[in-house]
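Input: a single structure, listed below in C-alpha cells.
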Amino acid sequence: MAEIAELAARVLDDPERWPSDPKEAVAVQRRMADRVREEALDVDGVRLVCGLDVSYAKDDPALAAAAVVMDARTLEVVERVAVTAEVAFPYISGLFAFRELPPVLTALTELTTTPDVIVCDGFGVAHPRRFGIASHLGVLLDRPVVGSAKSVLYGRHSVPGEERGSWTPMVAGRSEVVEDSTRLADDGAEVIGRVLRTRTGVKPVYVSVGHRVDLAGSADLILRLSPSYRVPEPIRHADRLCGERRKAYEAEKAQL
DNA sequence: GCGACAG
DNA sequence: ATCTTGTCGC
C-alpha cells in the first residue's frame, strides 16, 4: 500500500477529526490552522500531480470522489481512482472540507502511485480561518497541496489583465473587488492568494497555498497545468471521472 | 442585525 | 455542486 494511501486511511479512521457539528468543525479548523507550512515548490521538479474533485446531486445523498494522477509535463493520465459514498455533512461555506474530504481521502486510499503535488478544487489559506480544504488535506497528509478555486470565498483583489498568465494578488479581508490589490500587497497587507488568468478573455481561477508549497510556485504550476482550459487538467479529469461515477452509482441504486 | 458565502 | 438548449463570439 502506498504511503499516501496508508496515511489517508489512518486519518479517516480517527473520529476526532470528523465532527458532525459545525461548531466543532470550526474548532477543529482553528486548532489545526497553525500547522500549515509554506515552503518553496520546485515546479520544474514536479513529475506527478494528482487532481481531486467530488460530485453530488441536488436531492440525492449519493456522491462520488475522484483522484486522477497525471504527468505534469506531458499531461498524460497515469492513474484514475473513483469511489462512491453518501453525504455525511451539509454544505456550509467555509466548512466544506468536512463534507468533501472523507470521500476524497477514501479515493486516495486506493492510489498506488505517489504524486509530488496534489491539486484541490477549492482554497488553501485564502479562507476566513486560513484553513480551506487544500490546507486541511495538506496538513492531514503532510504533503504538498495547492488550492485552485473557481470563485471567491474570502479576500480582496483587483481584476487581472485579460491575457493568459496575468494575475493580481488576493489580500486578507472580506471578499471584495478593489481598484489595485497590488498596491495593498505592497503596503504590507497579508497576501493569501492569487487571481490567475489561465485563458485569455476567460474568468480567472483563484490560486492559494494549501500546504508545503509557495504561492508563486503554485500559480506557476496551475498555469502549466492549464494549457487549453480554464480549469487545470488534473481537476478537469477528476471532475469528469467523479461525475460519471456518481451517475453510474445512482443508476445501480435505482435498479435495486 | 444584515449581507456574503469555495463546492 | 447540479439541472440544461440554444446562442453569442473568436
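These numbers were taken from a predicted model, which means no experiment stands behind them. Residue numbering restarts at 1 for every chain, and letters A, B, ... go by the order of the sequence lines.
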d([atom1], [X]; [atom2], [N]) in whole Å:
X	N	atom1	atom2	answer
A:His127	B:dG7	NE2	C1'	12 Å
A:Arg246	B:dG7	CZ	P	16 Å
A:Tyr56	C:dC3	OH	P	13 Å
A:Lys247	C:dT2	NZ	C1'	10 Å
A:Ile133	B:dA6	CD1	P	13 Å
A:Phe89	B:dA6	CZ	P	15 Å
A:Ile92	C:dA1	CD1	C1'	15 Å
A:Glu86	C:dA1	CD	C1'	16 Å

Legend entry - Watson-Crick and G-U pairing of DNA chain B written in dot-bracket, each distance under 3.5 angstrom, with | for inter-strand partners: .......
Inset, instruction - Verify, without hydrogens or angle tests, whether A:Ser158 (side chain) and A:Ser181 (backbone) share a donor-acceptor contact under 3.5 angstrom. - result: yes
Does OP1 or OP2 of [N] have a side-chain N or O of [X] closer than 4.0 Å?
X	N	result
A:Ser151	B:dC5	no
A:Lys150	B:dG7	yes
A:Tyr154	B:dA6	no
A:Ser93	B:dG7	no

Legend entry - Test item: A:Phe98 and A:His136 side chains (from C-beta on) under 4.5 Å apart, heavy atoms: yes
Legend entry - Validation row: A:Val125, A:Phe131 side chains within 4.5 angstrom (heavy atoms): no
Inset, instruction - Find out whether the Lys NZ or Arg CZ of A:Lys247 is both under 6.0 angstrom from the six-membered ring centre of A:Tyr249 and within 45° of the ring's axis. - result: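 Ring-cation test returns no.
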Inset, instruction - Decide whether a cation-pi geometry holds between A:Arg99 and A:Tyr91; the criteria are a distance under 6.0 Å from NZ or CZ to the six-membered ring centre and an angle within 45° of the ring axis. - result: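 Relative to the ring axis of A:Tyr91, which defines the angle, A:Arg99 lies outside at least one limit.
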Inset, instruction - Taking only heavy atoms on the protein side, list every residue of residues 95-105 of chain A lying under 4.0 Å from any atom of DNA chain B, sorted numerically. - result: A:Leu95, A:Phe96, A:Glu100
Legend entry - Reference residue A:Cys50; test side chain to side chain contact (heavy atoms under 4.5 Å, CB included); the match among A:Val81, A:Ile4, A:Leu108: A:Leu108
Inset, instruction - Measure from the side chain of A:Leu153, starting at C-beta and using heavy atoms only, and say which of C:dT2, C:dA1, B:dC5 lies closest. - result: B:dC5
Inset, instruction - Using a heavy-atom cut-off of under 4.0 Å over every strand shown, decide if A:Leu63 touches base, sugar-phosphate, or nothing. - result: nothing
Legend entry - Touch class at under 4.0 angstrom, heavy-atom based, for A:Gly94 against every strand present: base
Inset, instruction - Test side chain to side chain donor-acceptor pair (under 3.5 Å) on A:Glu79 and A:Thr112 and set out the steps. - result: CA-CA 8 Å; A:Glu79 182 175 15; A:Thr112 63; 3.0 Å; yes
Inset, instruction - Mark this stacking check for A:Tyr206 against B:dA6 as yes or no, applying ring centres under 5.5 Å and ring planes under 30°. - result: no
Inset, instruction - Consider only side-chain N and O atoms of A:His211 and A:Asp142, and report whether a donor and an acceptor are under 3.5 Å apart. - result: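 Yes.
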Inset, instruction - Assess whether salt bridge (Lys or Arg N to Asp or Glu O under 4.0 Å) is satisfied between A:Asp220 and A:Arg224, documenting all intermediate values. - result: CA-CA 6 Å; A:Asp220 186 3; A:Arg224 294 190 193 195; 3.2 Å; yes
Legend entry - Presence of salt bridge, A:Glu190 and A:Arg156, under 4.0 angstrom: no
